[in-house]
2 protein chains.
Amino acid sequence: MEDINYGMDRCDCTVIHEETVKHVRTKMPADENLYDLAELFKVFGDTTRIKILCALAESEMCVCDIAVLLNMTQSSISHQLRVLKQARLVRYRREGKVVYYSLDDDHVKQIFNLGLIHLNEM
Amino acid sequence: MEDINYGMDRCDCTVIHEETVKHVRTKMPADENLYDLAELFKVFGDTTRIKILCALAESEMCVCDIAVLLNMTQSSISHQLRVLKQARLVRYRREGKVVYYSLDDDHVKQIFNLGLIHLNEM
DNA sequence: AAATCATATGAACATTTGTTCATATGAATA
DNA sequence: TATTCATATGAACAAATGTTCATATGATTT
């Protein structure tokens with residue numbers, strides 16, 4: 001097997017297993033999909049947001065309730081709810097001055113549970 | 001229902017739905033678990049690491065192979081593999097000078113797939 | 001219409017994070 | 001034993017992120 005570097009700019013390595021790399025390359029999803037996937041998990045990757053999701057998994061709640069529950073400022077909860085909203089993980093409905101948030105779909109709980117399973121089995 | 005603030009330091013809100021908050025509070029997992037869960041998802045929340053996991057889902061690979069595949073430096077791949085190792089998402093075996101990495105368990109693929117399902121259904 | 005209340009948001013700040021560069025480690029080989 | 005090569009790692013730096021503070025918005029109530 002030849003030691004070809006393929007003229008890559010960034011990589012300072014020699015290709016060791018050319019066939020493996022070639023094969024895996026054909027199996028990789030589009031960069032855009034992997035980017036989106038990382039962005040999705042990034043949303044789960046914060047304690048405050050995890051707590052919010054966990055709370056909403058139990059019951060619909062307004063912003064103030066969540067702030068009290070987590071003992072955090074209304075502002076920071078509101079900022080985080082915006083992130084969750086953009087990721088389509090939560091939805092909301094307005095009732096007068098109060099805005100109620102809830103989980104958007106069932107995937108949230110599923111992803112959540114898989115994470116817990118992984119942690120429990122380590 | 002009374003407007004009690006419960007003497008929270010940080011929250012600038014009035015409790016609106018006291019019963020809801022009380023109930024949800026009893027259902028919340030321990031802070032430590034939620035912290036660990038967030039830490040786990042944080043690991044998935046980076047494009048480079050997602051790509052590495054995706055590649056390893058297809059085949060065991062050495063560090064150089066991954067660097068070539070992703071067109072990144074060996075150093076940055078190695079740093080990220082350390083993160084994945086600490087999260088128990090990948091394992092490795094040494095064969096002479098070469099270190100081969102692979103997925104540690106099947107949860108990785110499952111979490112991965114759930115993420116993709118969520119993205120596809122939005 | 002003015003005041004009140006729940007929520008949203010922009011800017012600033014501190015912290016965290018990912019990559020790079022230089023170098024260390026540790027195993028095979030000459 | 002000296003060299004080579006694959007990998008690991010520490011420090012530095014830039015970029016991203018979460019919270020806070022001040023204030024805006026928008027709906028209700030007086």
Side-chain angles (χ1 to χ4, degrees), chain A residues 1 3 5 8-17 20-21 35 38-39 41-52 60-87 90-101, chain B residues 1 3 5 8-17 20-21 35 38-39 41-52 60-87 90-101:
Chain A
M1 203 183 294
D3 270 5
N5 190 305
M8 294 299 182
D9 321 352
R10 321 283 308 296
C11 174
D12 48 1
C13 295
T14 304
V15 177
I16 300 182
H17 308 89
T20 303
V21 174
Y35 177 83
E39 289 301 304
F41 286 124
K42 202 174 284 182
V43 176
F44 283 90
D46 174 78
T47 310
T48 301
R49 287 192 295 266
I50 280 284
K51 285 179 182 171
I52 293 175
E60 176 186 71
M61 294 180 99
C62 74
V63 181
C64 269
D65 289 342
I66 302 173
V68 170
L69 175 70
L70 304 185
N71 193 24
M72 295 180 67
T73 63
Q74 172 272 322
S75 175
S76 105
I77 298 298
S78 189
H79 276 297
Q80 297 298 4
L81 282 169
R82 193 161 67 94
V83 175
L84 293 169
K85 218 186 306 172
Q86 282 170 345
V90 303
R91 57 163 163 248
Y92 65 96
R93 67 183 178 86
R94 179 158 218 135
E95 205 172 276
K97 282 181 287 190
V98 181
V99 178
Y100 293 93
Y101 282 86
Chain B
M1 204 183 294
D3 269 6
N5 191 304
M8 293 299 182
D9 321 351
R10 322 284 307 298
C11 174
D12 47 2
C13 294
T14 304
V15 176
I16 302 181
H17 308 89
T20 304
V21 175
Y35 177 82
E39 288 300 304
F41 286 125
K42 202 173 285 183
V43 176
F44 283 90
D46 174 78
T47 311
T48 300
R49 286 192 296 266
I50 280 284
K51 285 180 183 173
I52 293 174
E60 176 185 69
M61 294 180 100
C62 73
V63 181
C64 268
D65 288 342
I66 301 173
V68 170
L69 174 70
L70 304 184
N71 193 24
M72 295 181 66
T73 62
Q74 172 271 322
S75 175
S76 106
I77 298 298
S78 189
H79 277 297
Q80 297 298 5
L81 283 169
R82 191 160 68 94
V83 175
L84 293 169
K85 219 187 304 173
Q86 282 170 345
V90 303
R91 58 165 163 245
Y92 64 96
R93 67 182 178 85
R94 180 156 216 135
E95 205 171 277
K97 282 181 287 191
V98 182
V99 177
Y100 293 93
Y101 283 86

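As a basis for the values below, the full set of heavy atoms in this structure was taken, side chains included, without hydrogen atoms, waters or symmetry mates. Proteins get letters first, then strands, A, B, ... in listed order; numbering begins at 1 in each.
The side-chain heavy atoms of Val21(A) and Met61(B), taken from C-beta on, include a pair separated by under 4.5 Å. Between Val83(A) and Gln80(A) the shortest side-chain heavy-atom distance falls below 4.5 Å. Within the 4.5 Å cutoff, side-chain heavy atoms of Glu60(B) are placed close to those of Arg93(B). A 4.5 Å side-chain heavy-atom check between His17(A) and Tyr100(B) finds at least one atom pair inside the cut-off.
Nucleotide dA6(C) holds its C1' atom 17 Å from the CZ atom of Arg82(A), rounded to whole Å. One can place CD1 of Ile77(B) at 8 Å from P of dT19(C), the figure rounded to the nearest angstrom. Rounded to a whole Å, the CE atom of Met72(A) is 16 Å from the C1' atom of dA8(C). The separation between Glu39(B) atom CD and dG18(D) atom P is 12 Å, rounded to whole Å. In this entry the distance linking CD1 of Ile66(A) with P of dT7(C) reads 9 Å, nearest Å. The distance from atom CG of Asn71(B) to atom C1' of dG18(C) is 16 Å, rounded to the nearest whole Å. Put simply, NZ on Lys42(B) is 15 Å from P on dT15(C), counting in whole angstrom units. Taking atom OH of residue Tyr92(B) and atom P of nucleotide dT25(C), one finds them 17 Å apart after rounding to whole Å.
For the pair Lys97(A) and Lys85(A), both in contact range of DNA chain C, the more 5′-proximal nearest nucleotide belongs to Lys97(A).
Taking the 5.5 Å centre cut-off and the 30° plane limit, the aromatic side chain of His79(B) is classed as stacked on dT9(D).
Contact of Gln74(A) with dA8(C) (side chain to base): a donor-acceptor pair of N or O atoms is detected under 3.5 Å.
At a threshold of 4.0 angstrom between heavy atoms, the contacts of Tyr101(A) are confined to the sugar-phosphate backbone, with no base atom among them.
Comparing dG18(D), dT7(D), dT7(C) by their closest approach to the side chain of Ser78(A) singles out dT7(C). Taking every side-chain heavy atom of Val99(B) into account, dA8(D) is the closest of dA8(D), dA6(D), dT7(C).
An OP1 or OP2 oxygen of dT19(C) is reached within less than 4.0 angstrom by a side-chain nitrogen or oxygen of Thr48(B). Within the 4.0 Å cut-off from OP1 or OP2 of dA22(C), not a single side-chain nitrogen or oxygen of Ser75(B) is found. Regarding contacts with the backbone of dG26(D), every side-chain N or O of Arg94(A) stays at 4.0 angstrom or more from both OP1 and OP2. When the side-chain nitrogen and oxygen atoms of Arg49(B) are compared with OP1 and OP2 of dG18(C), one or more of them lie within a distance under 4.0 Å.
Distance alone, capped at 3.5 Å, is enough to place a donor-acceptor pair between the Arg94(B) side chain and the Gly96(B) backbone.
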